[in-house]
Amino acid sequence: MADPVRVRLAPSPTGDPHVGTAYVALHNMAWAKKNGGVFVLRIEDTDRTRYSPDSERRIFESLRWLGIRWDEGPDVGGDFGPYRQSERLAIYKEHCEILLAKSAAYLCFCTAERLDWMRKDQMRRGAQVGYDGHCRMMPPEEARKKQSAGEPCVMRLAVPREGETEYHDIPRGRIVFKNAAVDDQVLLKTDGFPTYHLANVVDDHLMKITHIIRAEEWLSSVPKHIHLYRAFGWPIPKMCHLSLLRSPDRSKLSKRKNPTSIEWYRQQGFLPEAIVNFLALMGSAMVAGKEEPEVFSLEEWIQGFDLSKIGATGPIFDIKKLEWLNGVYMRKLPSETLAKRLVDEKFSPPELTGEKFQKILPLVQERLKRLSEFKELADFFFAAPASIEPALLIPKGRDSTSTRQALEKILDRWKGLTEWSAGVLEASAVEVMQQLGWKKGEIFMAIRVAITGKTATPPICDVCVALGRDETLRRIENAQKC
RNA sequence: GCCCCCAUCGUCUAGCCUGGUCUAGGACACAGGCUUUUCAAGCCUGCGACACGGGUUCAAAUCCCGUUGGGGGCACCA
């Protein structure tokens, strides 16, 4: 019996909750669920200069909003804590000593200025950029002495100078790195905090992580991690690097070119299930055997999920397709649910009452691509148009007088109606149309503009019913004045 | 510059592992049409790809090599 599957998401709380984080989280969670395993959330907060306490909270909130749940983490506990790296400093220190004792790492006293100069020099010469090994030659006793004398230093990984390091990546297969090209990475910083490289290897081992599923940008640091695992004598977890989500210009998704914050998508009125579905579509994955194989729930997706299905090409984040999916979900939602979402996410006017809501929501529901569009699409239900554009009101080839007369006739007819229903309104409008010799489009458009100020609305007679008799007649009267 | 990854319609992808069933399938987008009181939605049609060059083979989108193109990494950031 193999070890139970344990995977982890390791975001660093340094900014907005990124859609790429959600993308990676989804794949981790899917793999854990698929195998009856455990999904761990670990906070990588070893960079105290970029750390933002608010960021952690927002990451949790955004992931939860998307329906992503973890089994262990700083906020839910677990047997392998603490789950914030800043709370594990003693553990890293201890492991640093092990590496030093095995000569797998060494202390480095080089100043930032020297490193800077060195790098510039390497660039200029067109040489490989990386630490030149200056302190690697130093006898350990001497290094210890300097260290105890209080000289600031870092600890670096002593990467073998020759040979190759290979490993197997799940979507990509065998990958081979030349050791000579691998830098002597800093493992422990002057401030006593570990770098990502040390912390992630130590934690993944201690937390019994079996599969590392993370973004492709980590691919080139894998050899460093392998050397670390070997130095410790630990087994190496399976690795799966997910291709980076791209901007339309194919560079990695960045907020300079694209909205990347999950919060932004939420504020724009995207539904979490649409975002999840969309993200799952990137890189492969369709649920087979459905009439709509590209529209599926999280559960359905997980059901058919497999790491072997993941592709290695970097998909462009196509917001047009997300919008389409969002529309699909908006139309599918029971209107009570949609109403609740609109209210909860603050996309509907506060004065919206239950009854009115029920009347208008079905009229706009299939026209919405984002929750945020509700306000604009439905504004005329809440207030008469502030002004009416005569050019829109008057059909092409007609004049203002005949338009005014047409509205007058409609008003007369509608005032006398005993039943206020879409069918009746329509029938009497058609009669007026015939009397005037107008076309259907002309009369209905004139009514539409008179009542809503717009040329694109739900079927106008339905709108009139939702608005009610008094309001409808009042608006037509007003329109005549302009 | 050095290291690594990737390569099917504009975009997301199926097919590739286990060559022939691929005149390469679906979806988004786009264009046209139908429906129609407008806008949506829906339905139909169209446009549209195996980056290029060499191999291997009776046969290559599928296997191998190279080229080109794109991407990522090269921090006391993750």
Side-chain angles (χ1 to χ4, degrees), chain A residues 10-15 44-47 49-50 108 110-112 115-116 119 122-131 152-156 169 171-173 175-178 180-183 185-191 193-197 199-200 215-223 241 243-244 246 248-252 278 281-286 288 292-295 308 311-325 327-328 331 364-369 377 426 429-430 433 439-449 452 454-461:
Chain A
S12 71
T14 54
E44 310 244 336
D45 57 350
T46 53
D47 182 352
T49 57
R50 292 202 303 157
C108 171
C110 293
T111 60
L115 294 175
D116 201 42
R119 249 173 243 126
Q122 289 165 337
M123 295 274 206
R124 195 180 48 234
R125 296 197 333 258
Q128 184 180 319
V129 177
Y131 185 61
C153 66
V154 299
M155 192 182 84
R156 284 182 185 275
D169 188 63
R172 284 162 249 269
I175 298 179
V176 184
F177 291 88
K178 293 179 188 68
V182 180
D183 201 7
Q185 187 52 240
V186 169
L187 300 175
L188 192 68
K189 299 182 264 187
T190 316
D191 64 3
F193 277 69
T195 58
Y196 170 85
H197 304 282
N200 114 84
E216 190 188 3
E217 48 195 336
W218 296 111
L219 199 62
S220 46
S221 45
V222 169
H241 289 88
S243 303
L244 260 14
R246 314 283 188 87
D249 70 356
R250 292 228 165 258
S251 61
K252 80 169 168 180
F278 175 68
L281 236 25
M282 319 247 81
S284 91
M286 279 184 221
E292 284 183 303
E294 300 201 345
V295 180
S308 69
T313 28
I316 290 175
F317 192 98
D318 180 10
I319 200 162
K320 277 270 186 2
K321 189 149 186 175
L322 208 210
E323 255 179 353
W324 164 74
L325 260 175
V328 170
R331 274 172 253 130
V364 293
Q365 181 159 9
E366 69 176 14
R367 284 159 240 270
L368 290 171
K369 284 207 298 277
L377 266 176
E426 194 177 321
V430 167
M433 172 198 87
K439 290 183 194 137
K440 229 174 180 184
E442 294 176 321
I443 190 74
F444 282 103
M445 188 53 87
I447 299 171
R448 183 190 323 282
V449 174
T452 66
K454 300 182 176 191
T455 55
T457 72
I460 194 60
C461 296

Provide, to the nearest angstrom, the distance between the [atom1] atom belonging to [X] and the [atom2] atom belonging to [N].
| X | N | atom1 | atom2 | value |
| --- | --- | --- | --- | --- |
| K189(A) | A75(B) | NZ | P | 14 Å |
| R156(A) | C74(B) | CZ | P | 14 Å |
| E323(A) | U11(B) | CD | P | 19 Å |
| D45(A) | C77(B) | CG | P | 13 Å |
| Y131(A) | C3(B) | OH | C1' | 21 Å |
| M123(A) | G1(B) | CE | P | 12 Å |
| R172(A) | G71(B) | CZ | C1' | 11 Å |

Quiz question: going by heavy-atom distance under 3.5 Å, is there a donor-acceptor pair between the base of [N] and the side chain of [X]?
| X | N | answer |
| --- | --- | --- |
| K321(A) | A29(B) | no |
| T313(A) | C6(B) | no |
| R367(A) | C39(B) | yes |
| E294(A) | G26(B) | yes |

Between [N] and [M], how far apart are the two [atom1] atoms, rounded to whole Å?
| N | M | atom1 | result |
| --- | --- | --- | --- |
| C47(B) | G66(B) | C1' | 34 Å |
| G26(B) | C43(B) | P | 14 Å |
| U23(B) | G32(B) | P | 32 Å |
| C12(B) | U57(B) | C1' | 34 Å |
| A40(B) | C50(B) | P | 33 Å |
| A49(B) | A24(B) | C1' | 9 Å |
| G54(B) | G15(B) | P | 29 Å |
| U8(B) | G55(B) | P | 24 Å |

Closest to the [X] side chain, choosing from [options]:
| X | options | value |
| --- | --- | --- |
| Q128(A) | A41(B), C2(B), G71(B) | C2(B) |
| R448(A) | C12(B), A41(B), U38(B) | U38(B) |
| D183(A) | C6(B), C12(B), A75(B) | A75(B) |
| M445(A) | G73(B), C77(B), U38(B) | U38(B) |
| K178(A) | C5(B), C3(B), G73(B) | C3(B) |
| E217(A) | A75(B), G42(B), A78(B) | A78(B) |
| P315(A) | C74(B), C12(B), G73(B) | C12(B) |
| V186(A) | C5(B), C76(B), C12(B) | C76(B) |
| A181(A) | C3(B), A78(B), C5(B) | C3(B) |
| C461(A) | C4(B), U37(B), A27(B) | U37(B) |

How is [X] classified with respect to the nucleic acid when contacts are heavy atoms under 4.0 Å: base, sugar-phosphate, or nothing?
| X | result |
| --- | --- |
| R124(A) | nothing |
| E44(A) | sugar-phosphate |
| E292(A) | nothing |
| P458(A) | base |
| I460(A) | base |
| C110(A) | base |
| Y196(A) | base |
| V176(A) | sugar-phosphate |
| R331(A) | sugar-phosphate |
| T49(A) | nothing |
| R50(A) | base |
| V154(A) | base |

| said: Could you tell me the Watson-Crick or G-U partner of C74(B), where both distances fall under 3.5 Å? Say none if there is no partner. | reply: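 Across any shown strand, C74(B) pairs with G1(B).
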| query | If you measure from the Lys or Arg side-chain nitrogens to the Asp or Glu carboxylate oxygens, is any gap between D318(A) and K321(A) under 4.0 Å? | reply |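 Result for this pair is no, no salt bridge flagged.
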| request: Specify the residue among D318(A) and T190(A) whose closest nucleotide of RNA chain B lies further upstream toward the 5′ end. | output: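 Its nearest nucleotide lies further toward 5', so the answer is D318(A).
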| said: For G441(A) and S251(A), find the nucleotide of RNA chain B closest to each by heavy atoms; which residue's nucleotide sits nearer the 5' end? | reply: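 Looking at the nearest nucleotide for each, G441(A) comes out on the 5' side.
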| query | Is there a side-chain polar atom (N or O) of R250(A) under 4.0 Å from OP1 or OP2 of C5(B)? | reply |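 Negative; the distance criterion is not met.
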| By centroid distance (under 5.5 Å) and plane angle (under 30°), are W324(A) and C28(B) in a stacked arrangement? |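 Not stacked by the 5.5 Å and 30° rule.
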